[in-house]
Amino acid sequence: MIHFTFFRRGGVFYGFEEQGHAGFAESGNDIVCSAVSAMTMLIINAIEVTFASDVDYHIDEKTTDIRVKAMGALPDFESDEKKRFAIAGLIEAYYLQLNDMLEDYYDYLDVDVKDD
């Protein structure tokens, strides 16, 4: 099972971490893992390249655990309100997509939110 914890401050999503493996199918055929991997890299690349904002991320090559923080979603770190909205919205969209996936893949995904 892949465990997700999304980070939220003042109602604003600014990051997440993923731990574990989906276990839906064998490596190379696991559609849940493939979907999660593609969406995660989309989030990182969109924030970093499209929105030109720093993304602090770490991918553990042995465990494939991932931690992503985009502080540019928060007003203390980014003055451009539109950029903050875009970054936070992208991360929240990932949270919502994963919750939609839970309907069909509840044995393979777990999604939580940590407010700080």
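Along the sequence shown, residues carry numbers from 1.
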Margin query: Could you report the tightest heavy-atom contact between Gly15 and Ile91, atom names first, then the distance?
Written below: N-CD1, 3.8 Å

Margin query: Applying a strict under-4.5 Å side-chain criterion to I, L, V, M, F, W and Y, I'd like to know whether Phe51 and Leu42 cluster together.
Written below: no

Next item on the list: Following the transitive rule for hydrophobic clusters with a side-chain heavy-atom cut-off under 4.5 Å over Ile, Leu, Val, Met, Phe, Trp and Tyr, establish whether Ile43 and Met101 coincide in one cluster.
Entry: yes

Margin query: We want to know whether Thr40 and Glu18 form a side-chain donor-acceptor pair, criterion being a heavy-atom distance below 3.5 angstrom.
Written below: yes

Notebook entry, point to check: Would you say Ile87 and Leu90 are hydrophobically clustered, going by side-chain heavy atoms of ILVMFWY under 4.5 Å?
Noted result: yes

Note to self: Within this structure, what is the CG-CZ distance for the pair Asp76 and Arg84, rounded to the nearest 0.5 Å?
What the structure shows: 9.0 Å

Checklist line | Test side-chain contact (heavy atoms from CB on, under 4.5 Å) applied to Phe13 and Val113, step by step | finding: CA-CA 9 Å; Phe13 285 86; Val113 176; 4.2 Å; yes

Notebook entry, point to check: Distance from Asp104 atom CG to Asp107 atom CG, nearest 0.5 Å?
Noted result: 11.0 Å

Notebook entry, point to check: With Phe16, which of Tyr57, Tyr94, Phe4 fulfils ring-ring contact (aromatic ring centres under 6.0 Å, His included)?
Noted result: Tyr94

Notebook entry, point to check: Which atom pair, heavy atoms only, marks the closest approach of Ala88 to Val12?
Noted result: CB-CG1, 3.6 Å

Next item on the list: Provide the full list of salt bridge (Lys or Arg N to Asp or Glu O under 4.0 Å) pairs with a residue in residues 2-13, sequence neighbours left out, each pair given once.
Entry: Arg8-Asp115, Arg9-Asp116

Note to self: Restricting to non-hydrogen atoms, name the atom on Ala22 and the atom on Ile2 that form the minimum distance, rounded to 0.1 Å.
What the structure shows: N-CG1, 3.4 Å

Next item on the list: Just grab all the salt bridge (Lys or Arg N to Asp or Glu O under 4.0 Å) pairs involving residues 52-73, residues at least two apart or on different chains.
Entry: Glu17-Arg67

Note to self: For residues Val111 and Phe7: do they belong to one hydrophobic cluster (side chain heavy atoms under 4.5 Å, members Ile, Leu, Val, Met, Phe, Trp, Tyr)?
What the structure shows: no

Checklist line | Point-to-point distance, once rounded to the nearest 0.5 Å, from CD1 of Ile66 to CD1 of Ile59 | finding: 4.5 Å

Note to self: Just verifying a value: how many Å separate Leu109 CG and Cys33 SG, rounded to the nearest 0.5 Å?
What the structure shows: 10.5 Å

Notebook entry, point to check: Do Val36 and Leu98 have side chains that get closer than 4.5 Å, going by heavy atoms?
Noted result: yes

Item checked: side chain to side chain donor-acceptor pair (under 3.5 Å) contacts in which one or both residues fall within residues 21-30, not counting sequence neighbours -> none

Note to self: Tell me whether Phe85 at atom CZ has more than 12 heavy atoms from other residues, nucleotides or ligands lying less than 6.0 Å away.
What the structure shows: no

Notebook entry, point to check: Measuring from Tyr95:OH to Phe6:CZ, what's the distance to the nearest 0.5 Å?
Noted result: 8.0 Å

Note to self: Please say yes or no: joined through hydrophobic side-chain contacts below 4.5 Å, possibly via intermediate residues, are Tyr108 and Met39 part of one cluster?
What the structure shows: yes

Check: If you take all heavy atoms of Ser53 and Lys83, which pair is closest and at what distance?
Finding: CB-CD, 4.3 Å

